[in-house]
Undergrad: 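Before I ask anything, let me first share the structure, which is written out below as structure tokens.
Naming: A, B, ... by sequence-line order, numbering from 1 per chain.
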2 protein chains.
Amino acid sequence: MQEMAVTYSIGEVAEMFGLSVPTIRYYDKEGLIPNLNKNAAGVRRFNEDNVSTLKIVECLKNAGMPIKDIKQFVQWTLQGDKTLNERSQMFQELRVSVQEQMKQLQETLDTINFKCAYYGKATSDGTEKYVKEEMHLN
Amino acid sequence: MQEMAVTYSIGEVAEMFGLSVPTIRYYDKEGLIPNLNKNAAGVRRFNEDNVSTLKIVECLKNAGMPIKDIKQFVQWTLQGDKTLNERSQMFQELRVSVQEQMKQLQETLDTINFKCAYYGKATSDGTEKYVKEEMHLN
DNA sequence: CCTTAACCTAAAGTTAAGTTTAGATATTAA
DNA sequence: TTAATATCTAAACTTAACTTTAGGTTAAGG
């Protein structure tokens, strides 16, 4: 009474992640999806582990990490406990980096909000003239 | 009793913005810095207006806008009040886009924080074994 | 004056992260 | 069983955003 392991085709995985099929092949080629099996005909079958790996790959991508560094991390995970320090340090540095990105993005949003107010007034005036005087304070 | 207009060299501007000199020349070539004057010898002199333009260019870059779209915005500003609607709409769309980026980045940070806790425990244990069981809940 | 650092243009080169193409094989639904 | 759809590999191509190179000219300090 063995459970049949659930697997997914590359097209299904592409759909799940909103990525293109060639992009996923490219990630595989780059070594970002270790232990990805192929059937007798050479067709990729993704198991839950492979999907989990892709989830963390996506997280690291969203954090702005380049593919080669993501690959390094994946290699570390394959090497087991002896690379725990490297991985721990990587995530701590990444946290700082993402916090800085958030701060930068918030400043950008503040500026954009100011511009939205500026152009809101300007469009309702039909001209930049008055809002420019008002907001430049000159 | 005329005030002498303050101007900056390309090197000073590069310093101000943390950009390389060739990058600023590239922006100029791409049309992102209109009304940038050169002296008789062909050397660029940046006035306050040019610096202000670069500030907004940097903001748009940080918002993830590609150079060609930034150029479009700069062109609109040169065309005066008749492009107010385009510019207003651009900033409203940009606001939404940046808000979405912030949300995405926050989710990424949440995942990274989880991983920091995971690897913090794993490194103090000297192995992933226990924290994996604990956190995977299996 | 002289030299050293900063500036110029034009054109070629780089890099990351995919995308596209070509030609072949596999899977699925009717 | 056949047609349409999905998959495969390898290699070439694309794009954005710079950077580098080459060969000069200019500006500033001693």
Undergrad: Using a 3.5 Å distance criterion without hydrogens, assess whether the side chain of A:Gln89 forms a donor-acceptor pair with backbone atoms of A:Glu86.
TA: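 No, because the side chain of A:Gln89 does not come within donor-acceptor range (under 3.5 Å) of the backbone of A:Glu86.
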Undergrad: So which nucleotide from D:dC18, C:dG18, D:dT20 ends up closest to the side chain of B:Pro22?
TA: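 The answer is D:dT20.
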Undergrad: Which nucleotide in the list C:dG18, D:dC8, C:dC8 gets nearest to the side chain of A:Ile10?
TA: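 For A:Ile10, the side-chain atoms sit closest to D:dC8.
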Undergrad: Measuring from the side chain of B:Pro66 (C-beta onward, heavy atoms only), which nucleotide among D:dA17, C:dC7, C:dG18 has the closest atom?
TA: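 Among the listed nucleotides, the one closest to the side chain of B:Pro66 is D:dA17.
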Undergrad: Is the positively charged end of A:Lys115 above the ring of A:Tyr118, judged by distance under 6.0 angstrom from the centroid and angle within 45° of the axis?
TA: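 The answer is yes; both the distance and angle limits are met.
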Undergrad: Can you tell me how far C1' of D:dA6 sits from CD1 of A:Ile24, to the nearest Å?
TA: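 Rounded to the whole Å, the gap is 14 Å.
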Undergrad: Under 4.0 Å: is that the gap between some side-chain N or O of A:Tyr26 and OP1 or OP2 of C:dA16?
TA: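 Result: no.
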Undergrad: Rounded to whole Å, how long is the line connecting atom CG of B:Asn62 with atom P of D:dA17?
TA: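 It works out to 13 Å between those atoms.
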Undergrad: Using whole Å, what does the distance between atom P of nucleotide D:dT25 and atom CZ of B:Arg44 come to?
TA: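 Atom-to-atom, B:Arg44 to D:dT25, this comes out as 17 Å.
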Undergrad: Does a side-chain N or O of A:Asn39 approach OP1 or OP2 of C:dT27 to a distance below 4.0 Å, or not?
TA: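 Checking C:dT27 against A:Asn39, a side-chain N or O does come within under 4.0 Å of OP1 or OP2.
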Undergrad: Using whole Å, what does the distance between atom P of nucleotide D:dT15 and atom NZ of B:Lys68 come to?
TA: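 One finds 12 Å between P of D:dT15 and NZ of B:Lys68, rounded.
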Undergrad: How many whole angstroms separate atom CD of B:Glu12 from atom P of D:dA28?
TA: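 In whole Å, D:dA28 P and B:Glu12 CD are 10 Å from each other.
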Undergrad: Is the backbone of A:Tyr130 close enough, under 3.5 Å, to the side chain of A:Asp125 for a donor and an acceptor to pair up by distance?
TA: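 A pair under 3.5 Å: no.
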Undergrad: D:dA22 C1' sits how many Å from B:Arg25 CZ, rounded?
TA: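 Those two atoms, CZ and C1', are 13 Å apart.
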Undergrad: Establish, with yes or no, whether the OP1 or OP2 oxygen of D:dT19 is under 4.0 angstrom from a side-chain nitrogen or oxygen of B:Thr23.
TA: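 Indeed, a polar side-chain atom of B:Thr23 lies that close.
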Undergrad: Determine: side-chain N/O of A:Ser9 to OP1/OP2 of D:dA6, distance under 4.0 Å, yes or no.
TA: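 A:Ser9 to D:dA6 OP1/OP2: no side-chain N or O under 4.0 Å.
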Undergrad: Can you tell me if the side-chain N/O atoms of B:Lys38 get under 4.0 Å from OP1 or OP2 in C:dT9?
TA: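 Yes, B:Lys38 has a side-chain N/O under 4.0 Å of OP1/OP2 on C:dT9.
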Undergrad: Does a side-chain N or O of B:Ser20 approach OP1 or OP2 of D:dT19 to a distance below 4.0 Å, or not?
TA: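 Checking D:dT19 against B:Ser20, a side-chain N or O does come within under 4.0 Å of OP1 or OP2.
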Undergrad: Rounded to the Å, how far apart are A:Lys29 NZ and D:dA12 P?
TA: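 Interatomic distance, NZ of A:Lys29 to P of D:dA12: 12 Å.
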Undergrad: For A:Tyr8 and D:dA6, what is the distance between atoms OH and P respectively, to the nearest whole Å?
TA: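 Answer to the nearest Å: 19 Å.
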Undergrad: Classify the ring geometry between A:Tyr119 and B:Phe91 as parallel (under 30°), tilted (30 to 60°) or perpendicular (over 60°).
TA: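 It falls in the parallel class, under 30°.
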Undergrad: Taking atom CD of A:Glu15 as the centre, does the number of heavy atoms from other residues, nucleotides or ligands within less than 6.0 Å exceed 12?
TA: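 Atom CD in A:Glu15 is not packed in, count stays at 12 or less.
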Undergrad: OP1 or OP2 of D:dA6 less than 4.0 angstrom from a side-chain nitrogen or oxygen of A:Arg45, does that happen here?
TA: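 Negative; the distance criterion is not met.
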